[in-house]
Amino acid sequence: DTAVSQTPKYLVTQMGNDKSIKCEQNLGHDTMYWYKQDSKKFLKIMFSYNNKELIINETVPNRFSPKSPDKAHLNLHINSLELGDSAVYFCASSQGRGGRTDTQYFGPGTRLTVL
Amino acid sequence: KNQVEQSPQSLIILEGKNCTLQCNYTVSPFSNLRWYKQDTGRGPVSLTIMTFSENTKSNGRYTATLDADTKQSSLHITASQLSDSASYICVVIPNYGGATNKLIFGTGTLLAVQP
């Protein structure tokens with residue numbers, strides 16, 4: 001069974017469109033995260049939710065809106081897509097809130113290409 | 001300048017050989033340091049976690065070292081296998097207080113093991 005799953009794996013869309021990426025974890029973890037990995041393979045956190053509560057919100061454009069219907073799901077909705085949004089987006093989860101030895105488990109990633 | 005710098009950027013070695021990857025960080029105060037392995041097209045997977053008081057941590061053929069005084073870490077891979085081909089990412093967790101801490105990722109070292 002996949003611990004952290006994301007859909008879709010690939011997403012190709014036109015500039016200006018609105019799209020969503022879904023994430024689910026079956027590990028019973030309390031915290032979920034969204035990361036963006038750019039073309040230089042640099043991973044950077046975007047959001048973190050703990051028990052459906054937003055606890056990390058980096059400087060991300062308002063066009064990005066995370067939604068956590070329950071603690072096993074954290075979806076990412078992106079409005080008015082721009083070319084610079086093209087990247088691989090990773091979802092992750094952890095038992096705690098990302099503290100000292102809290103291990104994060106990553107999903108397989110969603111490769112978003114904006115044309 | 002990134003707070004977590006890794007070297008080399010890429011490395012090619014022959015199967016069966018050993019190699020050492022370097023990580024220098026400027027994050028302070030510092031909580032713990034982790035090494036992740038990211039296979040192509042997959043999410044990162046945790047290899048080792050070291051707190052500031054630990055000097056070394058092993059996971060099979062992977063051995064990580066940490067010198068908190070010089071802010072340096074290394075990942076040594078012994079008797080490399082073809083399956084070791086991946087990107088290895090050094091991750092530092094700052095200690096800003098509280099239970100929520102963000103991971104700061106290095107840009108990774110791309111390792112290719114050739115037969």
Side-chain angles (χ1 to χ4, degrees), chain A residues 2-10 21 23-25 27 29-51 53-60 87-111, chain B residues 1-6 8-10 21 23 27 29-54 57 59 64 66 68 86-112:
Chain A
T2 304
V4 182
S5 59
Q6 296 178 227
T7 54
K9 188 167 176 60
Y10 299 97
I21 307 172
C23 179
E24 176 182 1
Q25 54 96 2
L27 298 167
H29 287 167
D30 290 337
T31 306
M32 295 184 72
Y33 311 79
W34 275 109
Y35 288 87
K36 179 180 180 182
Q37 187 171 42
D38 60 26
S39 58
K40 296 182 179 179
K41 306 297 184 186
F42 185 58
L43 267 158
K44 191 169 183 183
I45 190 163
M46 300 173 68
F47 301 102
S48 173
Y49 271 74
N50 176 262
N51 279 317
E53 177 193 353
L54 182 65
I55 57 173
I56 293 177
N57 185 358
E58 288 298 284
T59 307
V60 178
V88 182
Y89 292 84
F90 286 98
C91 176
S93 73
S94 68
Q95 182 60 57
R97 293 167 65 104
R100 291 181 58 181
T101 55
D102 194 32
T103 298
Q104 294 189 15
Y105 294 83
F106 285 79
T110 294
R111 181 175 292 279
Chain B
K1 186 173 166 68
N2 195 28
Q3 291 181 284
V4 182
E5 296 283 346
Q6 292 186 240
Q9 276 192 324
S10 60
L21 314 180
C23 174
V27 178
F30 158 77
S31 172
N32 64 87
L33 184 144
R34 308 170 183 202
W35 282 93
Y36 280 80
K37 178 187 179 187
Q38 184 175 17
D39 292 311
T40 301
R42 309 287 289 272
V45 175
S46 179
L47 291 176
T48 61
I49 300 177
M50 289 182 291
T51 65
F52 60 86
S53 60
E54 295 178 291
K57 185 69 72 78
N59 178 0
L66 173 63
S87 181
Y88 290 85
I89 306 173
C90 176
V91 182
V92 178
I93 293 84
N95 184 8
Y96 294 148
T100 303
N101 288 305
K102 295 180 291 189
L103 277 62
I104 301 176
F105 288 79
T107 50
T109 292
L110 184 60
L111 174 66

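The sequence lines fix the lettering, A, B, ..., with proteins before strands; numbering per chain opens at 1. Keep in mind it's a predicted model, so treat the numbers as computed, not measured.
- Of the atoms belonging to Tyr105(A), not a single heavy atom falls under 4.5 Å from chain B.
- Residues Gln38(B) and Phe90(A) come closest through the heavy atom pair NE2-CZ, 3.2 Å.
- Neither the backbone nor the side chain of Gln6(A) comes within contact range of chain B; no heavy atom of the residue lies under 4.5 Å from a heavy atom of that chain.
- When heavy atoms are compared at a cutoff of 4.5 Å, Leu110(B) does not approach chain A at all.
- Between Arg34(B) and Gln104(A), the shortest heavy-atom contact is NH1-N, 4.3 Å.
- No side-chain heavy atom of Leu43(A) sits less than 4.5 Å from a side-chain heavy atom of Tyr36(B).
- Note that the CG atom of Leu103(B) and the OH atom of Tyr33(A) stand 7.5 Å from one another [nearest 0.5 Å].
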